[in-house]
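Take this structure first; my questions come after.
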Amino acid sequence: MKKLFIKTYGCQMNVYDSARIADLLMPLGYAAADAPDDADIVVLNTCHIREKAAEKVYSELGRLRRLKEQKAEQGSRMLIAVAGCVAQAEGDEIVRRQNAVDIVVGPQALHRIPEMIARAERHEGRVLETDFVPDEKFDSLPAVRAEGPAAFLTIQEGCDKFCTFCVVPYTRGAEFSRPVAQIEMEAQRLVEHGVREITLLGQNVNAYRGAGSDKSVWGLARLLRALAQIEGLKRLRYTTSHPCDMSDDLIDAHRDLQQLMPFLHLPVQSGSDRVLEAMNRHHTRDHYLRLVEKIRAARNDIALSSDFVVGFPGETDEDFEETMALVREVKYAQAFSFKYSARPGTPAAAARKQVPENVKSERLQALQFLLGEQQVEFAKSCEGRSMQVLFEGRGRKSGQAVGRSPYLQPVHVDHAEDLIGGIHDVTIARALPNSLSGTLLRTAQPEAAAAN
Ligand code: SAM
Ligand code: SF4
């Protein structure tokens, strides 16, 4: 049996794509390898969003080249494939910089991997595919396999927003939404295999416009309402949303659907109108704040998270202060923040007023300190509360299980190992720096009674 090792960088959409690559190759006789040393093929599923992410790939390729050479000396062959957004954006560069690479495959062409491997094995030289054919991709992928009670499901790919700092519209192409029936079938299958929570994925997931079975175009709200009908599917989430596509019917879905978890990732990027405009975000600070108000009015227990980019070209101290003030006003449960990284080919990379690296670092530190305080404050507010936890796996201690709260926090519970796969009521005893610990409110209940 041949062995496959996949290393995934970047976002959840890459995690989903890596699982699909495994789904494609397992039926062809590949088993999972624990490490590259043990593999006949190594796939790096890459991320191009920031310079650091892309550079990591080149250093990993250097290590893999040495491994490939060692294996060749011992008479065995290892193929190296680069998939994902670096492959899409820098296919030719990869081939030029690292001649050990056999296969380069963009995110929309990954369904062609089996054929590409066959060609590489026949020594046909480098095999490169970076076409944009998302409908062909989803039509050609095999049925998903479920691993554990929580799963990702990509419903939308690509982006038409063209934020001036971002490579996604170039690496993932134009917005494409999968048809409703295909998504329903995948969700149904996941549930039949024990999945209790599905996170719908898209670069711009709330811009979802999929063809319904009645030939009309469905938005995300309608899709969520339909998926909530699937028996056994207890939890729904979606990510990542753009504030401009946060429609009233989607906010109503948060009010009406108890399966929709009260946690929303709604990136604002900056609190300054001047910067938001230069970023081409198509919304103002005020628009975002009013949106937050509306969402909280619809579902008062909702917690929010966001992405922030600091040190965007031309960002002044005053602009940055507006970001800090917005964070103080919204109060996030969790957030991701990044230093602006100039990406070749994006409009902002050519801007003359780049912010010096040391200023970016200072601002990032200040923002992360504030966001860290808010995260701790939110976690502390969970102490003493009872919440439903979906147990996903074993903890470090014997008998302990780890699950996720409705707010995606990891929750450790002793003597709960036998409950893995189900949703159970837990009283939160302590907030630790990055997780919660709790005790079962009741001993094992039949899942239907304990969950939602
Ligand atoms: N579509 C989502 C949105 O609009 O919020 C986000 C997609 S992107 C994969 C994830 C995050 O990476 C962005 O929200 C942004 O904060 C960050 N990001 C994107 N380009 C960046 C860049 N050039 N430098 C630093 N951070 C960046
Ligand atoms: Fe990138 Fe903006 Fe599209 Fe998000 S909305 S993927 S940040 S271009």
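Counting starts at 1 for both ligands and their atoms, in listed order. Worth saying up front: this structure is predicted, and the values here are computed from it rather than measured. These values consider heavy atoms only, across backbone and side chains, with no hydrogens, waters or symmetry-generated copies.
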Checklist entry - At what distance is the nearest protein heavy atom to atom 20 (N) of ligand 1, and which residue and atom is it? => result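 For atom 20 (N) of ligand 1, the nearest protein heavy atom is F165 CD1, 3.3 Å.
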
Item to check | Which residue and heavy atom of the protein sit nearest atom 24 (N) of ligand 1, plus the separation | outcome: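 Answer for atom 24 (N) of ligand 1: S341 N, 3.0 Å.
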
Next on the checklist: One thing to verify: whether D307 and R50 come together as a salt bridge, which I'm taking to mean a side-chain N less than 4.0 angstrom from a carboxylate O.
Outcome noted: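 Salt bridge: no.
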
Checklist entry - Which heavy-atom pair separates V355 from K360 by the least distance, and what is that distance? => result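 So the two residues come closest at O-CE, 3.3 Å.
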
Next on the checklist: Angle between ring planes, F162 versus Y170, binned at 30° and 60°: parallel, tilted or perpendicular?
Outcome noted: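 Aromatic pair F162/Y170 classed perpendicular.
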
Next on the checklist: Which residue and atom name correspond to the protein heavy atom nearest atom 2 (C) of ligand 1, and how close is it?
Outcome noted: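 Ranking protein heavy atoms by distance from atom 2 (C) of ligand 1, first comes T240 CG2, 3.5 Å.
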
Item to check | Sub-4.0 Å heavy-atom contact, M279 with ligand 2 | outcome: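 No; M279 lies far enough from ligand 2 that no heavy-atom distance drops under 4.0 Å.
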
Item to check | Residue P169 vicinity, atoms of ligand 2 by number, heavy atom under 4.0 Å | outcome: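 Selected atoms, number and element: 8 (S).
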
Checklist entry - Given that the side chain starts at C-beta and the backbone is N, CA, C, O, which of these parts of I49 lies under 4.0 Å from ligand 1, counting heavy atoms, or is it both or neither? => result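 It is both backbone and side chain that touch ligand 1.
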
Checklist entry - Which residue owns the protein heavy atom closest to atom 7 (C) of ligand 1, what's the atom, and how far is it? => result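 Minimum-distance protein heavy atom for atom 7 (C) of ligand 1 reads Q203 O, 4.7 Å.
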
Item to check | Nearest candidate to atom 11 (C) of ligand 1, where distance is taken over non-hydrogen atoms, out of V310, D307, D245 | outcome: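 Of the listed residues, D307 has the closest heavy atom.
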
Item to check | Nearest neighbour in protein (non-hydrogen) for atom 3 (Fe) of ligand 2 | outcome: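 It is C159 SG, 2.3 Å.
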
Next on the checklist: If we check salt bridge (charged side-chain N to carboxylate O under 4.0 Å, His left out) with E197, which of these qualifies: R404, R235, K234?
Outcome noted: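 Answer to the salt bridge (charged side-chain N to carboxylate O under 4.0 Å, His left out) test with E197 among R404, R235, K234: R235.
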
Checklist entry - Going by an N to O cut-off under 4.0 Å, is there a salt bridge joining E93 and R96? => result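 Salt bridge: yes.
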
Next on the checklist: Just checking H254 against Y238, ring centres under 6.0 Å apart?
Outcome noted: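 Yes, the ring of H254 comes within the 6.0 Å limit of the ring of Y238, centre to centre.
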
Next on the checklist: Would Q88 and R172 count as a side chain to side chain contact (heavy atoms under 4.5 Å, CB included) here? Give the steps.
Outcome noted: CA-CA 8 Å; Q88 187 66 43; R172 291 268 176 171; over 6 Å; no

Checklist entry - For atom 4 (O) of ligand 1, which candidate among Q12, K339, R50, R281 provides the closest heavy atom? => result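 Nearest option to atom 4 (O) of ligand 1, by heavy atoms: R281.
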
Item to check | Selected option - heavy-atom contact closest to atom 1 (Fe) of ligand 2, from C11, C163, C166 | outcome: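 Answer by nearest heavy atom: C166.
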
Checklist entry - Can you tell which of Q269, H48, H242, M13 gets a heavy atom nearest to atom 16 (O) of ligand 1? => result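 It is Q269 whose heavy atom sits nearest to atom 16 (O) of ligand 1.
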
Next on the checklist: Would N204 count as a contact residue for ligand 1, given that I'm defining contact as a non-hydrogen atom of the residue lying under 4.0 Å from a ligand atom?
Outcome noted: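 No, N204 has no heavy atoms under 4.0 Å from ligand 1.
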
Checklist entry - Can you list the atoms of ligand 2 that are under 4.0 Å from a heavy atom of F165? => result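 Counting atoms of ligand 2 from 1, those under 4.0 Å from F165 are 7 (S).
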
Item to check | Heavy atoms from other residues, nucleotides or ligands near CD of E136 exceed 12 (cutoff 6.0 Å) | outcome: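 Atom CD in E136 is crowded, with more than 12 foreign heavy atoms closer than 6.0 Å.
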
Next on the checklist: My understanding is that only one of F308, Y407, F378 makes a ring-ring contact (aromatic ring centres under 6.0 Å, His included) with Y332; could you say which?
Outcome noted: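 Looking at F308, Y407, F378, the match for Y332 under the ring-ring contact (aromatic ring centres under 6.0 Å, His included) is F308.
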
Checklist entry - Looking at E90 and R97, does any basic side-chain N land under 4.0 Å from a carboxylate oxygen? => result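 No, this pair does not count.
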
Next on the checklist: Only heavy atoms of H242, strictly under 4.0 Å: list the atoms of ligand 2 that pass.
Outcome noted: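 Those of ligand 2 that fall under 4.0 Å from H242 are 5 (S).
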
